[in-house]
Amino acid sequence: MTCTIVGWKLPRAERDRLIGRFEPHYAGVVADHVTLRFGTDEDTPLPAARSGEIVGEVDDGAGVQALIVRIGGTTDRGDGSHYHITWSLGPGREAKESNDVLAATKWQRVHPPFAIALAPARWTV
């Protein structure tokens, strides 16, 4: 079963720049996108924002690392989670677990915030 997601893809140049700034803690580097909404369809409009800021980082110490992103002045995604980029994963861990880690683990602020470019996108998984 496939799921359509609307959000932002991380352009390759931004991904490379961020990897130089935020070292992946685990071998499975994801560093791919920021989700706005999942379970969407082709009629769901793409987001207007084209930039954001890395304002935090979280690592559960057991294989999930994520970067918290502020878009349009907020990190609140509107569904109880935060905008984030799943940064790296350890063996047996999945990107969707970043939401659980963000809910259960206090994230550390990044100071100063780190500006990034984002590309509005729709994709299926």
Under 3.5 Å, is there a donor-acceptor pair between the side chain of Thr35 and the main chain of Arg37?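 No; judged by distance alone, with no hydrogens or angles, the pair does not exist.
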Looking at every heavy atom in both [X] and [Y], which two are closest together, and how far apart are they?
| X | Y | answer |
| --- | --- | --- |
| Gly7 | Pro47 | O-CG, 3.4 Å |
| Arg50 | Pro120 | NH1-CD, 3.2 Å |
| Pro45 | Val6 | O-CG1, 3.6 Å |

Is there a path from [X] to [Y] through hydrophobic residues (I, L, V, M, F, W, Y) whose side chains come within less than 4.5 Å of each other?
| X | Y | answer |
| --- | --- | --- |
| Val125 | Leu36 | no |
| Leu10 | Ile68 | no |
| Ile5 | Leu118 | no |
| Tyr83 | Trp107 | no |
| Trp123 | Phe38 | yes |

Worksheet item: How would you list, by chain and number, every residue that makes a salt bridge (Lys or Arg N to Asp or Glu O under 4.0 Å) with Arg17, sequence neighbours excluded?
Response: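 Counting only residues at least two positions away or on another chain, Arg17 forms a salt bridge (Lys or Arg N to Asp or Glu O under 4.0 Å) with Glu14.
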- salt bridge (Lys or Arg N to Asp or Glu O under 4.0 Å) with Glu97: which residues, sequence neighbours excluded?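 Partners of Glu97 under the salt bridge (Lys or Arg N to Asp or Glu O under 4.0 Å) test: Arg93.
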Non-hydrogen side-chain atoms of [X] and [Y] separated by less than 4.5 Å:
| X | Y | result |
| --- | --- | --- |
| Arg77 | Leu102 | no |
| Ile19 | Pro24 | yes |
| Thr4 | Arg122 | yes |
| Phe114 | Leu18 | yes |
| Thr75 | Val69 | no |

As an exercise, state the distance from [atom1] of [X] to [atom2] of [Y], rounded to the nearest 0.5 Å.
| X | Y | atom1 | atom2 | result |
| --- | --- | --- | --- | --- |
| Asp59 | Ser88 | CG | OG | 7.0 Å |
| Ser98 | Ile85 | OG | CD1 | 10.5 Å |
| Arg21 | Ile116 | CZ | CD1 | 12.5 Å |
| Glu94 | Asp100 | CD | CG | 10.5 Å |
| Trp8 | Ile71 | CH2 | CD1 | 4.0 Å |
| Leu67 | Phe22 | CG | CZ | 6.0 Å |

- From the options Gln65, Gln108, His84, select the one residue that forms a side-chain hydrogen bond (donor to acceptor under 3.5 Å, both in side chains) with Glu57.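 Exactly one option meets the side-chain hydrogen bond (donor to acceptor under 3.5 Å, both in side chains) with Glu57, and it is Gln65.
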*asked:* Centre-to-centre under 6.0 Å for Trp87 and His25, is that the case here?
replied: no
Between Thr105 and Asp60, do the side chains contain a donor N or O and an acceptor N or O under 3.5 Å apart?
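No donor-acceptor contact under 3.5 Å links the two side chains.
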